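Notes for the one structure printed next.
All values derive from a computational prediction rather than experimental measurement. Each ligand, and each atom within it, is numbered from 1 in the order the structure gives. Residues: numbered from 1 along the sequence shown.
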Amino acid sequence: MSTTSTKTLENLSVESRRFPPPEDFAAQAVATAELYEEAAADRLAFWAKQARERLSWETDFTETLDWSDPPFAKWFVGGRLNAAYNCVDRHVEAGNGDRVAIHWEGEPGDTRTLTYADLQREVSKAANAFAALGVGQGDRVAVYLPMIPEAAITMLACARLGAAHSVVFGGFSADALRSRIEDAEATLVVTADGGYRRGAPSALKPAVDAALEAGGASVKDVVVVRRTEQDVEWTEGRDHWWHDVVDSASEEHTAEAFDSENPLYILYTSGTTGKPKGILHTTGGYLTQVAYTHATVFDLRPETDVYWCAADVGWVTGHSYVVYGPLANGATQVMYEGTPDTPHKGRWWEICAKYGVTILYAAPTAIRTFMKWGEEIPGEHDLSSIRLLGSVGEPINPEAWVWYRRVIGGDTAPIVDTWWQTETGGMMISPLPGVTTLKPGSAQVPLPGISAAVVDDEGNPVGPGGGGYLVLTEPWPSMLRTIWGDDQRFKDTYWSRFPGRYFAGDGAKLDEDGDVWLLGRVDDVMNVSGHRLSTTEIESALVSHPAVAEAAVVGATDDMTGQAPVAFVILRGNADAVLGDTDPQEALRAHVAKEIGAIAKPKRVLVVQELPKTRSGKIMRRLLRDVAENRELGDVTTLTDAGVMGLIQDGLKGAK
Ligand code: WTA
């Protein structure tokens, strides 16, 4: 288990603060305790009711769950619906076309306001434009955009046509983009000239050009949004400006209904091997669960709330809680393009005050950063509109939790600590804000309709006070359906460790009340600023450098980012010739940024003569993590050569 676990466990043993729901909050809460009873009485009937009440179906479903061929689930069998119609048109038809869907704020300070009626026009135009380029049901569209309204519009336009989108985070490299385009065989790429980051335009189109030069033969067209007005290379016949093809398209588009199991999107995430997994989500079940969780966990009142989820659409949080959940619920939300410290460290709080944000959903890494910057900064802004706070992406340290509630939440706002994954599609374990007495640092209880357990090595459920692995014991509507193109890997990764149950890859502990405390990943996946990175993926990138013979990467505990990649590398004999005067640490960090993206850059690169290995040749990452975190070494008895660790430590003395 990782060291985040040890740290969390320490917190756990001392954390005894309790925060019951404020009385007035509980009295009017959207979700009450009855929801648990209702779901427990008949889980499938509960989900069928959520699906019918929260969504509009063109054809009702005939079966709630088909689990006859596990682990391949079909939810709401026979039902037909259109996801974009559910997120946009029906709100306009219900008379809410004038309601603001998106208050968008660009980093330089420019703004755009889109009502639901505006969104309907924009999505229809984009759908018509993409259809004219040949996109239709069953196709895949790669999306490589900054946080601008066109990102949501593009995703919804794909959904409207029954095509699956594959959003690639704008921070990923050309090579990462190429491999994702190729794996999904996308025919269209939607991108922008660039976006604004840290006060300057940051280019995106060159990465698309490089990706398509190196491969991606399936791509026929590239649609480019003009955002920064940077110069771009242009490939005639392939490249089209958004303002040429979309702006001229018709505002009328009839959304056709598709099967409940029609693919909605693929989203790549890191696994334990080097190759990212294309997580496949489908339509009816996914939309049901994200709408349900967004409404109940955030206590949403669509008429009055101003909701802000600060995630990028490149991650699953952006898919489920910027695009599909809030829009299915007809919410008004804030979308912000840039970084929290541009042009000043109070930018988020200025935005909260400006739009009167009532619900804020953010990652612990951001909260820790704000803590470091000091509470005077949010203190300069009126945050009194905030009534609920959410946390996602990694365990939140109790001190950050308490700070978040006091400084941002005016000492009253409940905090919902939501555990879920790219694979689960929607929230799974979380308090309900009007019901649960909160415990800082714990995600607490499975949501109504969700079944989870903590099991030991043999798969036996542990009781209160026990610890082990988190598993999900029943299928849920927004579960991944498979790994794109690799059913076997889907079975092996999630369903073989504990047969019949979904293995999440997280360690967990139950406290004496039976509440769940997440302890971090138990596999070779690390969590850096709430983003998943695979140690193997970074190792592969390092060994692809001509100066590197061998590499081992560990996720070391980091006060700000949760974990940070630390690399141990053995250089080749000719490294001096390859590197010349360049410092190996700088050269290799830059190389990883080029291969994967800047988020994967090792915080430190330590050059060593040997790596510690077991007799069967496995690298002992646990020991390297001890070194990276300056701890005393754990058990070294399984090493082939126990002296190796001494050599590494001696070699590092004097290194930073
Ligand atoms: C971690 C992000 C503790 C966990 C939605 C999981 C959390 C991984 C929490 C999924 C939380 C997410 N408490 N840990 N509230 N939320 N995690 O796929 O390790 O980017 O397996 O999805 O993040 O990351 P992913």
Exercise for the section: Count the heavy atoms of every other residue, nucleotide or ligand shown that sit under 6.0 Å from NZ of Lys439, and state whether that count exceeds 12. Expected result: yes

Handout entry: Leu280, Val168, Val316 screened by side chain to side chain contact (heavy atoms under 4.5 Å, CB included) with Leu267, the one that passes
Key = Val316

Exercise for the section: Collect the protein residues that have a non-hydrogen atom under 4.0 Å from ligand 1 and hand them over in chain and number order. Expected result: Val316, Thr317, Val392, Gly393, Glu394, Pro395, Asp417, Thr418, Trp419, Trp420, Gln421, Thr422, Asp506, Leu518, Arg521, Asn527, Arg532

Exercise for the section: State which residues pass salt bridge (Lys or Arg N to Asp or Glu O under 4.0 Å) with Glu539; sequence neighbours excluded, sorted by chain then number. Expected result: Arg621

Exercise for the section: Identify the heavy atoms of Gly449 and Ala39 that sit nearest to each other, and give their distance. Expected result: N-CB, 3.3 Å

Exercise for the section: Specify whether Phe503 and Tyr469 have parallel, tilted or perpendicular ring planes, treating 30° as the upper limit for parallel and 60° as the lower limit for perpendicular. Expected result: perpendicular

Practice task
For Thr418 and Ser391, indicate whether the former's side chain and the latter's backbone hold a donor-acceptor pair under 3.5 Å.
Solution key: yes

